[in-house]
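One structure below.
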Amino acid sequence: MSSRPNKGMLAVDPVKAPDSPCWVIDLPALEDNLKLLAHVQREADCKILLALKGFATWSTFPLVSKYLSGATSSSPHEAQLAREYLQGGEVHCYAPAYTEQDLRECLKWSDHIVFNSFSQWQRLGPIARAAGASCGIRVNPQQREVAVELYDPSAPRSRLGVIESEFKPELLEGIEGLHFHALCELGSDALERVLAAFEKRFGKYVSGLKWVNFGGGHHITKPGYDTELLIRLVRSFKQRYGVQVYLEPGEAIAIRTGVLVATVLDLVHNEMPLAILDTSATAHMPDTLEMPYRPDIVGAGEPGEKPYTYRLGGLTCLAGDVVGDYSFDHQLSIGDRIVLLDMSHYTMVKTSNFNGVRMPSIALRHADDRYELVKQFGYDSYRDRLG
């Protein structure tokens, strides 16, 4: 079990959070990330898009749109959200497969459409071209860099992207770009290797195209990331091929910007002290079970590191609804608030209403330490998902 590199976010005061459970997005921290991404975008002469699959908290989009060039989506709803709230930015769309209905809906909002296969391109490409979209094909460079296979687009038998042996250059008429995505939480050294594999397999097809999308997974805002190498890689590629380059990170935009404030509801004992929180691993932070990983908690340590160790569990009836074991300097009490770090990217977008539990509220922390409650979820949000 791993832990995300998420030290920070101590500026959020759990006592000031306007609700519990509550996601709090720290706007100054988000802007710090965006400024770094804007620097890369400017120096590399590329365009950086927000990947909505990683972060789609649209109350922050006025800030995002000040720095980035748009967003990338994977569904009609994401595309519509981007068009409505990102104030004039580009909207790109890619999906492993489209129904004709979904494609037509995406085309209402999208500038670029990326197809996952030549089969989809042959069948649906004429619709996209007639709508004036810039069309592309996703390719698979078959360069493995991601340690966890669940998140590896280049894993064997991956359905994501066209492999070299299945590529059909005779069907490229009308295609304006190529897209690849082979990274997850990785550095520019990994991109350098992926880019070499992409050029070896598909570089001969780039001539005459308008753009190449380097996908996501670039950990640009992680401390120690080699941004200068990234800038050199992008500029060199542009010089060789004369195309526009896109990057579409999700995590790099929202990492270390958001927390989940939770409250201890009850304390019980079964071979060890157990604390039941007003949040849920399975409903509110599913990556803790899916990946899995152990989220950091402000003031907490590894089991046994501090005097008092507790297993923190959620409020659903799932037996495995457990965040993990943590130690604290003091005994926990009912009503104590705790702060789970890095709970914005790939967390808020993946939640569910399992057991009908209420979603955490959403708040923004402003630079003047003002907390703005922007969303609370009631019965209607649960009812309206079902029918």
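Just so we're clear, the structure is a prediction, and the values are computed from it rather than from any experiment.
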Determine whether more than 12 heavy atoms belonging to other residues, nucleotides or ligands lie under 6.0 Å from atom NZ of Lys306. yes
Is the distance between the ring centroids of Phe115 and Tyr98 under 6.0 Å? yes
Quick one: do the Glu305 and Tyr326 side chains pair a donor with an acceptor below 3.5 Å? no
Output, in order, the C-alpha distance, side-chain angles, deciding distance and verdict of side chain to side chain contact (heavy atoms under 4.5 Å, CB included) for Gln244 and Lys210. CA-CA 6 Å; Gln244 175 66 62; Lys210 293 184 177 180; over 6 Å; no
Answer yes if the ring centres of Phe118 and Phe167 are under 6.0 angstrom apart, and no otherwise. yes
Side chains of Glu176 and Ser134: do they bring a donor and an acceptor to under 3.5 Å? yes
Please check if any side-chain donor atom of His366 sits under 3.5 Å from a side-chain acceptor atom of Glu372, or the reverse. yes
List the steps and the verdict of side-chain hydrogen bond (donor to acceptor under 3.5 Å, both in side chains) for Tyr241 and Glu199. CA-CA 11 Å; Tyr241 297 103; Glu199 292 191 65; 2.6 Å; yes
With no hydrogens and no angle check, do the side chains of Ser344 and Thr257 hold a donor and an acceptor under 3.5 Å apart? yes
Apply the test ring pair (Phe, Tyr, Trp, His ring centres under 6.0 Å) to residues Tyr346 and Phe55: give CA-CA distance (whole Å), side-chain angles for both, the deciding distance (0.1 Å), then the verdict. CA-CA 6 Å; Tyr346 286 105; Phe55 182 70; over 10 Å; no
Might you confirm whether atom CH2 of Trp58 has over 12 heavy atoms from other residues, nucleotides or ligands at distances under 6.0 Å? no
If the test is ring pair (Phe, Tyr, Trp, His ring centres under 6.0 Å), which one of His112, His181, His218 qualifies with Tyr246? His112
Residue Phe354 excluded, over 12 heavy atoms near CZ under 6.0 Å: yes
Under a 3.5 Å threshold, yes or no: a donor from one side chain and an acceptor from the other, between Gln331 and Tyr310? no
For the pair Asn116 (side chain) and Leu160 (backbone), establish whether a donor and an acceptor sit closer than 3.5 Å, ignoring hydrogens and angles. no
Let me see the working for Val357 and Leu315 under side chain to side chain contact (heavy atoms under 4.5 Å, CB included), right down to the final yes or no. CA-CA 8 Å; Val357 297; Leu315 76 166; 4.1 Å; yes
Donor-acceptor side-chain pairing of Thr309 and Ser327 below 3.5 angstrom: no
Are the side chain of Arg337 and the backbone of Ala17 linked by a donor-acceptor contact shorter than 3.5 Å? yes
Hey, does the side chain of Asp26 reach the backbone of Ala29 with a donor-acceptor pair shorter than 3.5 angstrom? yes
Would you say that more than 12 heavy atoms from the other residues, nucleotides or ligands in this model lie under 6.0 Å from the NZ of Lys168, or not? yes
State whether a side-chain donor-acceptor pair under 3.5 Å links Thr279 with His284. yes
With a 3.5 Å distance limit and no angle check, can you tell me whether Ser74 reaches the backbone of Ala95 through a side-chain donor-acceptor pair? no
Could you verify whether a donor N or O on one side chain and an acceptor N or O on the other, from Glu78 and Ser73, lie under 3.5 Å apart? no
Does Val162 offer a backbone N or O that forms a donor-acceptor pair with the side chain of Asn140 under 3.5 Å? no
Do Ser280 side-chain atoms and Thr282 backbone N/O form a donor-acceptor pair below 3.5 Å? yes
Apply ring pair (Phe, Tyr, Trp, His ring centres under 6.0 Å) to the pair Phe180 and Phe198, showing each step before the final yes or no. CA-CA 8 Å; Phe180 65 86; Phe198 166 79; 4.7 Å; yes
Other residues, nucleotides, ligands: >12 heavy atoms within 6.0 Å of Glu170 CD: yes
Would you confirm whether the ring centroid of His179 sits within less than 6.0 angstrom of the ring centroid of Tyr94? yes
Does any N or O in the side chain of Ser110 come within less than 3.5 Å of the main-chain N or O of His92, such that one atom is a donor and the other an acceptor? no
I'd like to know if the side chain of Ser188 reaches the main chain of Thr227, judged simply by a donor and an acceptor atom lying under 3.5 Å from each other, with no hydrogens or angles considered. no
Does any N or O in the side chain of Asp321 come within less than 3.5 Å of the main-chain N or O of Ala281, such that one atom is a donor and the other an acceptor? yes
Does any donor atom in the side chain of His39 or Gln41 lie under 3.5 Å from an acceptor atom in the other side chain? no
Of all heavy-atom pairs linking Ala56 and Leu52, the shortest is CB-O, 3.7 Å
Looking at Ser381 and Gly378, would you say the former's side chain and the latter's main chain have a donor-acceptor pair under 3.5 Å? yes
Give a yes-or-no answer on whether the side chains of Arg240 and Ser236 include a donor-acceptor pair shorter than 3.5 Å. yes
With side-chain hydrogen bond (donor to acceptor under 3.5 Å, both in side chains) as the test, would you mind laying out the steps for Glu105 and Gln101 before giving the verdict? CA-CA 6 Å; Glu105 190 69 21; Gln101 178 182 345; over 6 Å; no
